[in-house]
Amino acid sequence: MRQQSVRRLRRWLVLVKLTLIGGAAVLLVQHRTDLAGTVATQALRRAGFPDAAVTVTDLSAEQTRALVRLDRQGAVGGTLILRHPLDVLREGRIERLDLADARLRLDVAKDGGLRIAGYPLTSSAETAGNGGAAGDDAFAIPIDAIQLGETAVTLATPRGTANGTLRLTMTRDGTLHRGQATLTAPAKGLPVLTHWTGADTIAETAGTLTAKARLTWDGAALKTQGDLLLADLAGRFGPVSASGINGVLSLPSLFPPVVAPGQTLAVKLLDVGLPLTDGSFRFGYGAKGRLSVERAEWHWAGGVLRADPFAIDPVAPRGTVTLRAEGVHLGPMLAMVAVDGLKASGTVSGSLPVRIEADSVHLDNGLLEADGPGTLRYDPENPPGFLKGEEGSPTALLMGALTDFRYDTLSATMEGQAGGELAVGIAIRGSNPAFYDGYPVALNLKVSGALDRILRQSLDTYRIPETVRDRMTEFQRKNP
């Protein structure tokens, strides 16, 4: 009996001893993780993030796992995994940083400066002189590789916020970190991004934007460049609306955005008071905020419209763009005014000055002239009252001449406002074989109709040009 009691007592003593040892180990580990969290928090705060907090959840000789936030609200943070083999730590560096379940908020100031949790990533008028929040000493992060998985990104500007998804990798090269990132975002957030350009006239956007960026971080500022994919972008840009914008743009700088000259986009529809379809234009956008268009070409009414080179300020889009028409088919052009029974054949060429105001677009003094002979027929099922008359009357004679008029010369003037009325004046010289034995006749006609009644059948068969599509395919395949 006594032996059983002794054995039981020894058993309990062993259990107590193990419990004490385990408890001490737990306290030691807890103390180590708490101490590591405190040290990491202070390091981030000294680096320029005064509201940073780090909670270490796992600490070993090879790896550390922690919950990190850089701001008080937790808008910038995630689960951090640091890989630090002892041999690497002895050299004063960390082998790899992985960030999962990450959230990233970037704030854009009125002067264009970019900040993360208050720390300046790009220089601005406020920080250029003092090197940013961290002072004159650049903060070099001794990490060989940085990896961000699918990260929810919010870009906040004085005009609102835009959201997207970011993937990023960076590697250390001496005192620099170089890397690449892919950011995908819906175009509906595009209006808030125009803080950098000051163009407050962008609205009603749709489509998708994907940026592949190349990054360089020197511990004090972030330099960026890359390519931007526009997929089925649409929207209103001041008084001009566009849809089906596709292409890839090369940007020497992302913050603030600068588009290198010679970039080409395909445009399904551009409405500047005339329905310009199946077009493309080559342009650039500089730091001075000017959109410089080198070449613009669209299909219209079976012909081609080419714009003279022009530059425009997107902040205040005003000016006149002259369109040169070549081989425009008279039939589809006259169909714009939707006059019952009016048909024509032949082609015309000329100029169409488009005047862009702050909130409207006008077609001023457009002049088109026939490239050669053609036909003009006006034979409505129910002629308007002012063209009805007894046989032999002037109106009856006019209707008789127009039923099958063969013109030798033709000119058309065009005036109108987008969303309003288009007035077309036609001066023709020719004859009708069945009218007074083809006696020569000179006619002057005026017709008008709503610009909104535009024939847009060509949109149904629109295809992105091969050169633009090839660049879009290459963008999808290559790394930033």
Item to check | Spacing of CD belonging to Glu150 relative to CG belonging to Asp101, to within rounding of 0.5 Å | outcome: 11.5 Å

Checklist entry - With no hydrogens and no angle check, is any side-chain donor or acceptor of Arg167 less than 3.5 Å from a backbone partner on Gln147? => result no

Next on the checklist: Counting neighbours of CZ on Arg295 that are heavy atoms of other residues, nucleotides or ligands and sit closer than 6.0 Å, is the number greater than 12?
Outcome noted: yes

Next on the checklist: For Asp227, is there an ion pair with Lys212 - N to carboxylate O distance below 4.0 angstrom?
Outcome noted: no

Item to check | Reported CG-to-OG1 distance for the pair Leu330 and Thr347, which is rounded to 0.5 angstrom | outcome: 9.0 Å

Checklist outcome for this item: For Ala187 and Thr205 the tightest heavy-atom approach is O-OG1, 2.7 Å

Next on the checklist: Before you tell me yes or no, could you show the steps for Thr151 and Leu168 under side-chain contact (heavy atoms from CB on, under 4.5 Å), namely the whole-Å CA-CA distance, both residues' side-chain angles and the distance that decides it to 0.1 Å?
Outcome noted: CA-CA 9 Å; Thr151 301; Leu168 178 145; over 6 Å; no

Checklist entry - What is the distance from atom CD of Glu294 to atom CD of Gln263, rounded to the nearest 0.5 Å? => result 9.0 Å

Checklist entry - Between Arg105 and Asp107, is there a salt bridge with N-O shorter than 4.0 Å? => result yes

Checklist entry - Atom CG in Leu209, atom CG in Leu230: separation rounded to 0.5 Å? => result 5.5 Å

Next on the checklist: Does any part of the side chain of Thr210, heavy atoms only, come nearer than 4.5 Å to the side chain of Leu228, both counted from C-beta?
Outcome noted: no

Next on the checklist: On a heavy-atom basis, which atom in Pro353 and which in Asn365 lie closest, and how many Å separate them?
Outcome noted: CD-O, 3.9 Å

Checklist entry - Under the side chain to side chain donor-acceptor pair (under 3.5 Å) test, which residues partner Arg429, sequence neighbours left out? => result none

Checklist entry - When rounded to the nearest 0.5 angstrom, what is the spacing between CG in Leu443 and CD1 in Ile428? => result 4.5 Å

Next on the checklist: For Arg324, is there an ion pair with Glu326 - N to carboxylate O distance below 4.0 angstrom?
Outcome noted: no

Next on the checklist: Quiz question: by atom type and distance under 3.5 Å, do the side chains of Thr322 and Ser351 form a donor-acceptor pair?
Outcome noted: no

Next on the checklist: Strictly distance-based, threshold 3.5 Å: is any side-chain N or O of Asp173 a donor or acceptor partner for the main-chain N or O of His177?
Outcome noted: no

Item to check | Side-chain touch Leu352/Leu368, heavy atoms, less than 4.5 angstrom | outcome: yes

Item to check | side chain to side chain donor-acceptor pair (under 3.5 Å) evaluation trace for Asp379 with Thr403 | outcome: CA-CA 5 Å; Asp379 190 15; Thr403 55; over 6 Å; no

Checklist entry - Counting heavy atoms not belonging to Asn444, are there more than 12 under 6.0 Å from its CG? => result yes

Checklist outcome for this item: Distance col, row Arg318:CZ vs Arg355:CZ, nearest 0.5 angstrom, shows 12.0 Å

Checklist entry - So, for Pro186 and Asn163, which heavy atoms are closest and what is the spacing to 0.1 Å? => result CD-O, 3.5 Å

Next on the checklist: Ignoring hydrogens and geometry beyond distance, is a side-chain donor-acceptor pair present between Asp371 and Ser349 at under 3.5 Å?
Outcome noted: yes

Next on the checklist: Show the nearest heavy-atom pair for residues Val258 and Pro252, with the distance to one decimal.
Outcome noted: O-CD, 2.9 Å

Checklist entry - Taking C-beta and beyond as the side chain, do Asp278 and Trp298 meet within less than 4.5 Å on heavy atoms? => result no

Checklist entry - Which atom pair, heavy atoms only, marks the closest approach of Gly302 to His329? => result O-CD2, 3.3 Å

Next on the checklist: Determine whether Arg214 and Thr224 satisfy the following criterion, side-chain contact (heavy atoms from CB on, under 4.5 Å), listing intermediate values before the conclusion.
Outcome noted: CA-CA 6 Å; Arg214 297 174 292 280; Thr224 60; over 6 Å; no

Item to check | Derivation of the salt bridge (charged side-chain N to carboxylate O under 4.0 Å, His left out) call for Arg406 and Asp404 | outcome: CA-CA 7 Å; Arg406 316 291 177 88; Asp404 186 19; 2.8 Å; yes

